[in-house]
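A note on names: the letters A, B, ... follow the listed sequences, proteins ahead of strands, and every chain is numbered from 1.
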2 protein chains.
Amino acid sequence: MSPHTNYMKAEDRRAATVDIVVALAAEKNPSEISTTDIAKKMGVTQGALFKHFPTKDAIVQAVIQWIADKLLSRIERAAQAETSPIAVIEAIFFAHIRFVSEYPGAPRMLFSELQRKQASVPKQIATTLLKSYSLRLQQLLENGKTQGLVRADLDTKAAAGLLIGMIQGLVMQSLLVDNIKLMHIEAPKVFAIYRHGIEA
Amino acid sequence: MSPHTNYMKAEDRRAATVDIVVALAAEKNPSEISTTDIAKKMGVTQGALFKHFPTKDAIVQAVIQWIADKLLSRIERAAQAETSPIAVIEAIFFAHIRFVSEYPGAPRMLFSELQRKQASVPKQIATTLLKSYSLRLQQLLENGKTQGLVRADLDTKAAAGLLIGMIQGLVMQSLLVDNIKLMHIEAPKVFAIYRHGIEA
DNA sequence: CGTAAGATAGTAATAATTTACTTACTTTTG
DNA sequence: CAAAAGTAAGTAAATTATTACTATCTTACG
């Protein structure tokens with residue numbers, strides 16, 4: 001912990017890089033983040049990054065992986081606290097909202113990668129994240145059906161997709177007005193409508 | 001209509017440029033579309049573009065304006081065919097779905113511009129589009145309330161935002177699997193849930 | 001009606017930046 | 001002192017925009 005040095009262990013430097021990129025994505029178009037931007041914000045020269053990552057795409061990949069892991073673990077944790085399937089879905093929804101308000105750069109990175117047409121590794125990770133998220137929700141909705149809490153004729157796949165879309169919509173609108181607080185106000189209102197849509 | 005010439009009137013060339021960009025956005029990350037890409041696809045040299053647009057940003061601006069105009073006019077047209085507020089909302093929803101399946105590059109361009117942090121003119125246009133879209137929906141939902149078709153306690157602003165988010169979600173998922181047809185299959189299912197959520 | 005003049009729309013080449021990545025060398029650390 | 005982590009400088013490719021010139025179209029007039 002010497003004060004006047006930039007020297008870090010490789011693992012710490014990689015973790016710091018991921019943090020910096022997520023932070024940068026909150027204040028800049030993710031596709032416009034250059035290696036120079038990252039290095040400058042970290043207080044290191046641009047070339048130093050390539051001591052720890054072979055390519056820029058490897059950096060992006062690490063960032064997306066970090067987001068996927070963090071988001072899924074938060075969701076899993078939120079799910080454990082509740083019992084009724086609908087309460088679990090609600091807990092997941094608000095955990096997701098809290099996550100993106102804590103890391104506004106995270107959804108921006110995800111969107112940016114999902115926009116890419118060609119199948120890159122980062123896009124693959126993002127796709128897998130959304131898929132496992134959706135399956136988790138479908139499972140909960142099916143449980144809700146058997147308990148008579150969810151409409152029997154509900155298309156659970158569509159309902160899972162709708163919840164994820166809802167969050168995307170909220171994020172997008174909060175990005176527009178550049179106000180994360182707005183999301184916390186709007187989220188409960190939107191979820192109330194969703195609940196009406198799926199409940200028996 | 002001479003066969004062996006590229007010469008076009010300025011207005012036609014500008015319109016052609018917009019078309020090309022929308023087409024390119026369907027097959028490439030919008031933020032990676034270069035002026036060289038555009039020129040090449042149009043069969044013209046790169047420099048020629050700057051005879052008709054002062055900057056690249058002016059091209060993007062024209063594209064976003066085209067999308068906003070086209071989408072709003074489609075929505076307005078769809079709205080006129082129906083009478084009941086909920087039927088109008090449904091018609092608007094499916095008109096929007098048809099629009100994006102016809103021009104898959106359009107939502108990609110919009111997302112891409114909305115991602116930008118700093119307030120550019122294109123982002124301004126996109127924001128205005130979403131706002132006027134949302135207001136139109138809120139108006140319809142209020143009408144639905146007075147006619148007793150829509151739940152009296154519905155938050156119409158949240159409900160309008162939800163519908164737009166739904167479409168964003170559908171678009172994103174169809175982009176993921178690179179299959180526009182999927183959207184046509186999923187859209188009615190998702191709308192059914194939404195209808196349950198707002199109806200009295 | 002045909003054509004020269006002038007306006008318009010193009011080309012080819014290039015400048016000025018910016019980008020991801022490399023290389024040769026230096027500093028710090030265990 | 002050796003390995004790890006950094007710097008400084010540079011390269012090749014790509015990007016937007018400009019410049020000097022050329023081909024094509026339009027139109028007014030002899």
Side-chain angles (χ1 to χ4, degrees), chain A residues 1-21 24-25 28-64 109 112-113 116-118 120-123, chain B residues 1-21 24-25 27-64 109 112-113 116-118 120-122:
Chain A
M1 272 298 204
S2 24
H4 284 313
T5 182
N6 276 339
Y7 281 64
M8 270 190 189
K9 282 188 181 172
E11 201 178 340
D12 294 345
R13 179 60 77 197
R14 280 193 294 270
T17 307
V18 167
D19 282 354
I20 292 284
V21 172
L24 272 172
K28 209 183 171 191
N29 190 344
S31 65
E32 286 170 7
I33 296 173
S34 67
T35 52
T36 306
D37 293 334
I38 299 169
K40 194 170 286 176
K41 187 141 186 171
M42 241 191 326
V44 117
T45 57
Q46 188 250 354
L49 288 179
F50 294 91
K51 284 271 147 75
H52 305 292
F53 297 93
T55 63
K56 187 193 178 186
D57 214 58
I59 298 177
V60 174
Q61 181 179 331
V63 171
I64 298 291
M109 286 296 302
S112 185
E113 284 307 305
R116 293 170 75 161
K117 191 73 180 185
Q118 72 269 22
S120 60
V121 176
K123 179 167 176 176
Chain B
M1 273 295 206
S2 23
H4 285 313
T5 182
N6 275 339
Y7 281 63
M8 271 189 189
K9 282 188 180 170
E11 202 178 340
D12 295 345
R13 180 58 79 196
R14 280 193 293 270
T17 306
V18 168
D19 282 354
I20 292 283
V21 172
L24 272 172
E27 49 186 63
K28 210 182 171 191
N29 189 343
S31 64
E32 286 170 7
I33 296 174
S34 67
T35 52
T36 307
D37 292 334
I38 300 168
K40 195 170 285 175
K41 187 141 187 172
M42 242 191 323
V44 117
T45 57
Q46 186 255 350
L49 288 179
F50 294 89
K51 284 271 146 73
H52 305 292
F53 297 93
T55 63
K56 187 193 178 187
D57 214 58
I59 298 177
V60 174
Q61 181 179 331
V63 172
I64 298 292
M109 286 295 303
S112 186
E113 284 308 305
R116 293 170 75 162
K117 191 73 179 183
Q118 72 269 21
S120 60
V121 176

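- Across the interface with DNA chain D, nearest-nucleotide mapping of B:Asp57 and B:Tyr7 shows B:Asp57 to be the residue nearer the 5′ end.
- Rounding to whole angstrom units, CZ of residue A:Phe53 and P of C:dT22 are separated by 15 Å.
- OP1 or OP2 of C:dG10 sits under 4.0 Å from a side-chain N or O of B:His52.
- Between the P atom of D:dA5 and the CD atom of A:Glu11 lies a distance of 11 Å, rounded to the nearest Å.
- Rounded to whole Å, atom P of C:dA9 lies 13 Å from atom CE of B:Met42.
- Contact annotation: B:Thr35 reaches the phosphate of D:dT16 (side-chain N/O to OP1 or OP2, under 4.0 Å).
- One interatomic measurement links the two molecules: CD of B:Gln46 to P of D:dT19, which rounds to 14 Å at whole-angstrom precision.
- Here the C1' atom of nucleotide D:dT15 and the NZ atom of B:Lys40 are 13 Å apart, to the nearest Å.
- Side-chain contact check for B:Gln46 and B:Thr36: no donor-acceptor pair (N or O, by modelled atom type) lies under 3.5 Å.
- A straight line from CD1 of B:Ile38 to C1' of D:dT15 spans 12 Å, rounded to a whole angstrom.
- Each of A:Asp37 and A:Ala48 has a nearest nucleotide on DNA chain C; the 5'-most of these lies closest to A:Asp37.
- When each of C:dC21, C:dT28, C:dG10 is scored by its nearest atom to the side-chain atoms of A:Thr5, the top-ranked nucleotide is C:dT28.
- For the pair A:Lys9 NZ and D:dG6 P, the interatomic distance rounds to 13 Å; values are reported in whole Å.
- Among the nucleotides D:dT7, C:dT11, C:dC21, the one closest to any side-chain atom of A:Val44 is D:dT7.
- Note on B:Lys51: a base of the nucleic acid sits closer than 4.0 angstrom, heavy atoms only.
- A:Arg13 has no side-chain polar atom (N or O) that falls below the 4.0 Å cut-off from OP1 or OP2 of D:dA4.
- Of the candidate nucleotides D:dT7, D:dT16, C:dA20, C:dA20 has the atom lying nearest to any side-chain atom of A:Phe50.
- A:Asp12 has its CG atom 11 Å from the P atom of C:dG30, to the nearest Å.
- When all heavy atoms are compared, the tightest approach of B:Ser31 to B:Ser112 is N-OG, 3.9 Å.
- Among the heavy atoms of the strands lying under 4.0 Å from A:Ser34 are primed sugar atoms or P, OP1, OP2 only; no base atom is included.
- With values rounded to the nearest 0.5 angstrom, A:Thr17 atom OG1 is found 7.0 Å from A:His52 atom NE2.
- At least one donor-acceptor pair under 3.5 Å links the side chain of A:Lys123 to the backbone N or O of A:Arg116.
- Listed here is the closest heavy atom pair of A:Ala48 and A:Val44: CB-CG1, 3.7 Å.
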